[in-house]
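So the structure is just underneath, and the comments pick up after that.
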Protein chains: 2
Amino acid sequence: MVKKNKTTIKDIANVLNISAAAVSKALHNDSRISEKTKKAVRQVAKNLNYQPNHLASALRSGKSKLVGVIVPKTNSNFFSATIHNIEEVLNEEGYNIIITQSNESFEKECKNIDALLYTQVDGIIASMANETVNLEFYEKIKAAGIPLITFDRGENDLNVDYIGIDDYNSSHIIVNHLVEQGCQRIAHIGGFKRTRIFNNRIRGYIDALKKHNLPLDEELLIESDLTVKDGRKKMEQLLALDNRPDAVYVAGDYAALGALQVLQEKEVKIPDEIALVGFGDEPFSAMVTPSITSVNQHSYKIGRIAAETFLEYAKKPKIEQSLNKIILDSDLIIRASSLKKK
Amino acid sequence: MVKKNKTTIKDIANVLNISAAAVSKALHNDSRISEKTKKAVRQVAKNLNYQPNHLASALRSGKSKLVGVIVPKTNSNFFSATIHNIEEVLNEEGYNIIITQSNESFEKECKNIDALLYTQVDGIIASMANETVNLEFYEKIKAAGIPLITFDRGENDLNVDYIGIDDYNSSHIIVNHLVEQGCQRIAHIGGFKRTRIFNNRIRGYIDALKKHNLPLDEELLIESDLTVKDGRKKMEQLLALDNRPDAVYVAGDYAALGALQVLQEKEVKIPDEIALVGFGDEPFSAMVTPSITSVNQHSYKIGRIAAETFLEYAKKPKIEQSLNKIILDSDLIIRASSLKKK
DNA sequence: TATCTTTGCTTAATCGTTTAAACAAATATA
DNA sequence: TATATTTGTTTAAACGATTAAGCAAAGATA
């Protein structure tokens, strides 16, 4: 069963009594090799079950045809879909991707970057962990001279390409919607302020309130790690207020789900007593009862654009990156949790 | 900004006026290199920001220190957690993993296998796509002489290691539980019969009914692709029966969620009119209302064991695999959807 | 003092593929 | 017929790291 000694280009050469170089060229369809030889080479390659050795060609050419992808976690619909689309675009051009997850840990993210650089990837497409504030390791990627594309969670200071939705504006859309529904005391369970996207959502929330002449109540603006558990906790905190909110905008669907549970347990009527809006449009948001209004982040487009951006750099001989933001509009998917019957 | 020309072992050698071989040995802490030289080498390596070229060492040693992981999808809690644990174990031994998803497509899975073999991975840990019946590509892995470990979704015919839970017995545990709750007409929305794990769940269901002297009603045994959508459809189908079931055991949590939605929409009381049990213990199962009873698949253990099994082979010089099943017990997590108040 | 060991390094081959350069043979051009 | 061009191939170096083998110098042993 164990057939070690994989067949190499040399084995094919020996069978046909030609040089290894000729075989290599034949397999790459070089114009200087006769059709006859090419056919023979292909036939023998097939017979011997030849599989090219990626390590050797990558070493020689200096291109590994591998692209590293760093995401905080894969078990989120957004990231999983984004990865899928990145893969689709890159596979077409002969690239394969190495997916790594940071689990929102800075330490793990650093390890992942090292592992990817060590594997000699031709580029990295990344969405940063919540914890990441020190950009030293990302600078390492740039120092390695390979393109770095960020999406969803990026940092201006890195001065590289970024693809994401307009978080600031998304908050406006959400607040507009809630005001339209008649809500006047809108709370925000936001993500960590230090993470850019969450900061933008918070700023958008504050500015949108201002726009509608609604007062900003510090009690109603809460920072959270956006897990289900913390969503529960923060919702309980809001319910304990003397003056409860009449709407809660949660910066993540998981936390929104936690909030939903608490509201149901306390038999608060949704959306009439408190309207609820999440962010990210995870599949379960459409599936729970009541379904949760949420923001779709265009994972489809983001993945494609990130991959295409990488490919553009890959074609160029010299890489000269700069802060280049591609901001997509977001879609508010209005569902039962915020749509009041008139 | 762009520092191409990565520093190599040779650059270090030049600086110190020693040979590249000496540098290599110094970096590997060879006993035949003086402490003085070692220190100097490490210092220069650091100064020049030396990063070893994985491709070169992998080519030379024949070991890439990469392990391929194939899963149907990453946005499932089970697979995501398994991957995480595989990674944890392998990282410790200096291995990195390449995650690929088949999206339940046979074609994609084949492409992934080719890509992994091409990348010269030292082994593959895989869970097969639903669609996969042709094992030709998996045989290719074996032919390449690298270890193949399967988990969750495997095939006896492959004759390789398999780690999974006892699906057959899980069905027994579920049926026992439902009978205990007083259910007599237990339906099963199962996965595809051709997939081994789902087939085992179906067989377990049938045998468990027999054990309890319950008749097997063909109307109550339905095949499904286990998506939310299909879960809805199949539940509607069951509700349309003249003689409705009083319990439904769904072979996947997503489909169970779809079923739950339909039950709620039709205002069927859960669990009193119809009790519901899912499979896989996805996070949302605990989070929806009512929470769904489900089976925990020990993603933690499965990932660890799969990785450890690979490591064992990696240590051996010759690989001789055979059908070697490690079957773990499953845990039934009883929740509101099936627990009747007495 | 002569021989053996150990230490610390160098040389050179190697992994499998790619590719610039060389070259012989066939064909075209003047 | 002599020269230039094209065709189809070979030779050899290279990618960067590893490692068996070799070797000189220093130290140990008899």
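Within every chain, numbering begins at 1; the chains are lettered A, B, ... in the order of the sequence lines, protein sequences first and strands thereafter. What you see is a predicted model, and the numbers here were worked out from it, not measured in a lab.
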Tabulated below should be each protein N or O lying under 3.5 Å from an N or O of nucleotides 7-17 of chain D; please produce it.
unit_1: dG8(D); atom_1: N7; unit_2: R32(A); atom_2: NE; d: 3.1
unit_1: dG8(D); atom_1: N7; unit_2: R32(A); atom_2: NH2; d: 3.2
unit_1: dG8(D); atom_1: O6; unit_2: R32(A); atom_2: NH2; d: 2.7
unit_1: dT9(D); atom_1: OP1; unit_2: T37(A); atom_2: OG1; d: 2.7
unit_1: dT9(D); atom_1: OP2; unit_2: S34(A); atom_2: N; d: 3.0
unit_1: dT9(D); atom_1: OP2; unit_2: S34(A); atom_2: OG; d: 3.2
unit_1: dT9(D); atom_1: OP2; unit_2: T37(A); atom_2: OG1; d: 3.2
unit_1: dT10(D); atom_1: OP1; unit_2: S19(A); atom_2: N; d: 3.2
unit_1: dT10(D); atom_1: OP2; unit_2: S19(A); atom_2: N; d: 2.8
unit_1: dT10(D); atom_1: OP2; unit_2: S19(A); atom_2: OG; d: 2.6
unit_1: dT10(D); atom_1: O4; unit_2: K25(A); atom_2: NZ; d: 2.9
unit_1: dA14(D); atom_1: N3; unit_2: R60(A); atom_2: NH1; d: 3.3
unit_1: dC15(D); atom_1: O2; unit_2: R60(A); atom_2: N; d: 3.3
unit_1: dG16(D); atom_1: N2; unit_2: A56(B); atom_2: O; d: 3.1
unit_1: dA17(D); atom_1: OP1; unit_2: Y50(B); atom_2: OH; d: 2.6
unit_1: dA17(D); atom_1: OP1; unit_2: N53(B); atom_2: N; d: 3.3
unit_1: dA17(D); atom_1: OP2; unit_2: I9(B); atom_2: N; d: 2.6

> Hey, can you pull the residues of residues 111-121 of chain B with a non-hydrogen atom under 4.0 angstrom from DNA chain D?
Replying inline: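 Nucleic-acid contacts, sorted: none.
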Among residues at least two apart in sequence or on other chains, which ones pass side-chain contact (heavy atoms from CB on, under 4.5 Å) with [X]?
X       : result
S34(B)  : K36(B), T37(B)
V15(B)  : V44(B), L48(B)
N130(A) : E104(A), R153(A), F192(A), T195(A), F198(A)
H84(B)  : Q101(A), N103(A), E88(B)

>> The criterion is ring pair (Phe, Tyr, Trp, His ring centres under 6.0 Å); which residues satisfy it with F78(B), sequence neighbours excluded?
In response: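 Here no residue qualifies.
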> I12(A) CD1 to dG16(C) P: how many Å, rounded?
Replying inline: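 From I12(A) CD1 to dG16(C) P: 13 Å.
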> side-chain hydrogen bond (donor to acceptor under 3.5 Å, both in side chains): which pairs involve residues 18-27 of chain B, sequence neighbours left out?
Replying inline: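 Qualifying pairs, neighbours excluded: none.
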>> Which residues pass the side chain to side chain donor-acceptor pair (under 3.5 Å) test with K10(A), not counting sequence neighbours?
In response: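 Expected list: none.
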> Cation-pi between R196(A) and Y162(A): NZ/CZ under 6.0 Å from ring centre and within 45° of the ring axis?
Replying inline: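 Here R196(A) passes the 6.0 Å and 45° test against Y162(A).
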